[in-house]
Protein chains: 2
Amino acid sequence: MTEKNLLPELTAHLYASSAAESGRTPSERELAEHFGVSRGQIRETLAVLEAMRIVERRAKSGIFLTARSASVDAMALFAQAGLPLDPVRIYEAVELRKIHEIKAAELASQRATEENFVRLEEILAASERRIAAGEPLAEEDRDFHLEIVRATRNTVFYNVCGVYYAVGLRRLPIYFGDPSRCAQSHAEHLGIYDALRRRDGNLAQALMNAHLQGAESYWKGLLDARVEPAAE
Amino acid sequence: MTEKNLLPELTAHLYASSAAESGRTPSERELAEHFGVSRGQIRETLAVLEAMRIVERRAKSGIFLTARSASVDAMALFAQAGLPLDPVRIYEAVELRKIHEIKAAELASQRATEENFVRLEEILAASERRIAAGEPLAEEDRDFHLEIVRATRNTVFYNVCGVYYAVGLRRLPIYFGDPSRCAQSHAEHLGIYDALRRRDGNLAQALMNAHLQGAESYWKGLLDARVEPAAE
DNA sequence: TCAGACAATCTGGTAGAACCAGATGGCGGA
DNA sequence: TCCGCCATCTGGTTCTACCAGATTGTCTGA
């Protein structure tokens, strides 16, 4: 039971127990006692948090939360830790996602190999089974989109996109809670797949744009609705 | 002298002293002795390396290098550590940069504020001084491009772009070693600035595309020339 | 000769104590 | 009220000590 991953828990605890004004967190010794682990464990975890610029350690002074980081790594960690993500950050990530994936659709239409198409077909088949069973889509959606990015044959691109999908995955059940949305999303995926198959880059781009537009407005609406005064 | 940042040095050392086949690195105790620090220091640094997926620690077995990571964080660290970057990765990063910044130019043309324009003017003035003095451009180039991304008002976007500039900065002296290239680059920057000022998104995009095209072919030529058989 | 069992050794994981020196904050004196 | 001193706290760093599984090498028996 000691092999649990401290990172998310510590992150959550730091935000829960930091001083409102200064952002100063409990000391390493206090944290160690709180989690029932050694100070070394805490320091190791804090080193990672510091590398992600989520926290700043000032020698002989204390540990301070930095201005909320907007790195995708940090956002993914926040999501994992169950921390509320800044709605603005989420919307920004969605905008970035559109930038990435519309271009990815174009590149994939030129570079996708048979292997990519086979993978896409498998994912689409899995989606179909889900829908037929009346179950909501889950990682099938992410897999479909990431496979297209992979088809660009740009591993840096793929890695960057892969990270922020960790942010969204936890929220997919909300989005796909509506069965009709699942069906429409799947239908759009089929259209994109067809366009890629026909190597029609312009069509693939246009369809991806429309597809993401739907998701974007959904999130925008959701975020506008729950304007948290506490946020920011 | 003990406050040096172990991260780059350790990273370099791990790659230098790892077993060719298994990727297994020296043990924590050996590393501690080699660097003259405590095992705790080594473990703290390894935790960061593991979070970046550069290294994998297997309990009671050893530390192993993972397949070379393509995350921009890892690439930045490699550059800092003086490790040879996989030419393919660099080219991929350049491609991603084009995707980002062409779109950034369009968004910036719509969203840039007076503050952004003032910053851009300052950067351009600094560039001019450099060129007049016969000095090569340096961070001015990065600052110009990053300010445009910042003008999109998307902090996630800005953060993502900011990271991979850490990769390129070390190589700028090579690119700008040629004075004529500095002058041309500066002229193109002026054109982009004008287009943004006039809120002409299409022109800004086109000019940014042309501007980055030059850099891209430069790097492509350079990389094609030094095909390292050892790489990949 | 070789395969299998056993034991010494190595390794990461974790805890805990100890010391340093600068930052901090409260108390007392001017 | 304000200034300066000092006890206390804090991160930075090192060392020692165990644990238990992985690894490696040796020895034994067939």
Side-chain angles (χ1 to χ4, degrees), chain A residues 1-67 69 77 80, chain B residues 1-67 69 77 80:
Chain A
M1 67 196 66
T2 65
E3 63 174 30
K4 64 192 170 192
N5 190 4
L6 255 185
L7 244 191
E9 289 189 42
L10 218 203
T11 309
H13 184 68
L14 291 180
Y15 273 89
S17 61
S18 64
E21 269 310 297
S22 62
R24 183 179 179 160
T25 77
S27 71
E28 296 180 349
R29 291 168 176 87
E30 286 176 272
L31 294 171
E33 190 179 9
H34 175 85
F35 285 100
V37 299
S38 68
R39 210 180 138 206
Q41 288 291 301
I42 297 294
R43 282 190 61 78
E44 224 174 283
T45 312
L46 285 175
V48 175
L49 252 14
E50 190 177 43
M52 287 187 180
R53 298 168 188 276
I54 289 175
V55 124
E56 185 188 342
R57 296 188 284 182
R58 297 184 202 149
K60 292 133 198 176
S61 172
I63 302 159
F64 300 82
L65 295 177
T66 63
S69 171
L77 183 57
Q80 200 185 344
Chain B
M1 70 190 63
T2 65
E3 64 173 31
K4 65 190 171 193
N5 189 3
L6 256 184
L7 246 191
E9 288 189 44
L10 218 202
T11 309
H13 184 68
L14 290 181
Y15 273 88
S17 60
S18 64
E21 271 308 300
S22 61
R24 183 178 181 166
T25 76
S27 71
E28 295 179 350
R29 291 166 175 88
E30 286 177 275
L31 293 171
E33 190 178 12
H34 176 83
F35 286 100
V37 299
S38 69
R39 208 180 137 205
Q41 288 291 301
I42 296 293
R43 282 190 61 79
E44 226 174 282
T45 312
L46 285 175
V48 176
L49 252 14
E50 190 176 44
M52 287 188 182
R53 297 168 188 275
I54 289 175
V55 126
E56 184 188 344
R57 295 188 283 181
R58 298 184 200 147
K60 293 134 195 172
S61 173
I63 303 157
F64 300 81
L65 296 177
T66 64
S69 172
L77 182 58
Q80 200 186 344

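In what follows, chains carry the letters A, B, and so on, assigned in the order in which the sequence lines appear, proteins first and then strands, with residues in each chain numbered from 1.
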Original post:
When the nearest nucleotide of DNA chain C is assigned to K60(A) and to R24(B) on a heavy-atom basis, which residue is associated with the more 5' position?
Top reply: R24(B)
Original post:
Are V55(B) and L65(B) close enough that some pair of their side-chain heavy atoms sits under 4.5 Å apart?
Top reply: yes
**OP:** Using the test side-chain hydrogen bond (donor to acceptor under 3.5 Å, both in side chains), find all partners of E28(A) that sit at least two apart in sequence or belong to another chain.
**Re:** R39(A), R43(A)
**OP:** Report yes if the side chains of T45(B) and L31(B) come closer than 4.5 Å at any heavy-atom pair, otherwise no.
**Re:** no
Original post:
At under 4.0 Å between heavy atoms, what does G40(B) touch on the DNA or RNA strands: base, sugar-phosphate, or nothing?
Top reply: nothing
Subject >> Paired stretches of DNA chain C - 3 or more consecutive Watson-Crick or G-U pairs, each distance under 3.5 Å >> reply: C:1-30 with D:1-30
Subject >> dT10(D) OP1/OP2 closer than 4.0 Å to side-chain N/O of R29(A) >> reply: no
Original post:
Can a side chain N or O of S61(A) be found less than 4.0 Å away from OP1 or OP2 on dC9(D)?
Top reply: no
**OP:** Could you say whether G62(A) or G36(B) is positioned toward the 5' end of DNA chain D, judged by the nucleotide with the nearest heavy atom to each?
**Re:** G62(A)
**OP:** Check whether any side-chain N or O of R43(A) sits under 4.0 Å from OP1 or OP2 of dG12(D), and answer yes or no.
**Re:** yes
**OP:** Report the residue from I54(B), T66(B), I63(B) that forms a side-chain contact (heavy atoms from CB on, under 4.5 Å) with L49(B).
**Re:** I54(B)
Subject >> Side chain proximity check, L7(A) to Q80(A), heavy atoms < 4.5 angstrom >> reply: no
Original post:
Does V48(B) reach the side chain of M52(B), with side-chain heavy atoms less than 4.5 Å apart?
Top reply: yes
**OP:** Looking at every strand, decide which applies to R58(B) at a 4.0 Å heavy-atom threshold: base, sugar-phosphate, or nothing.
**Re:** sugar-phosphate
Original post:
Taking OP1 and OP2 of dT14(C), is either one under 4.0 Å from a side-chain nitrogen or oxygen of S38(A)?
Top reply: no
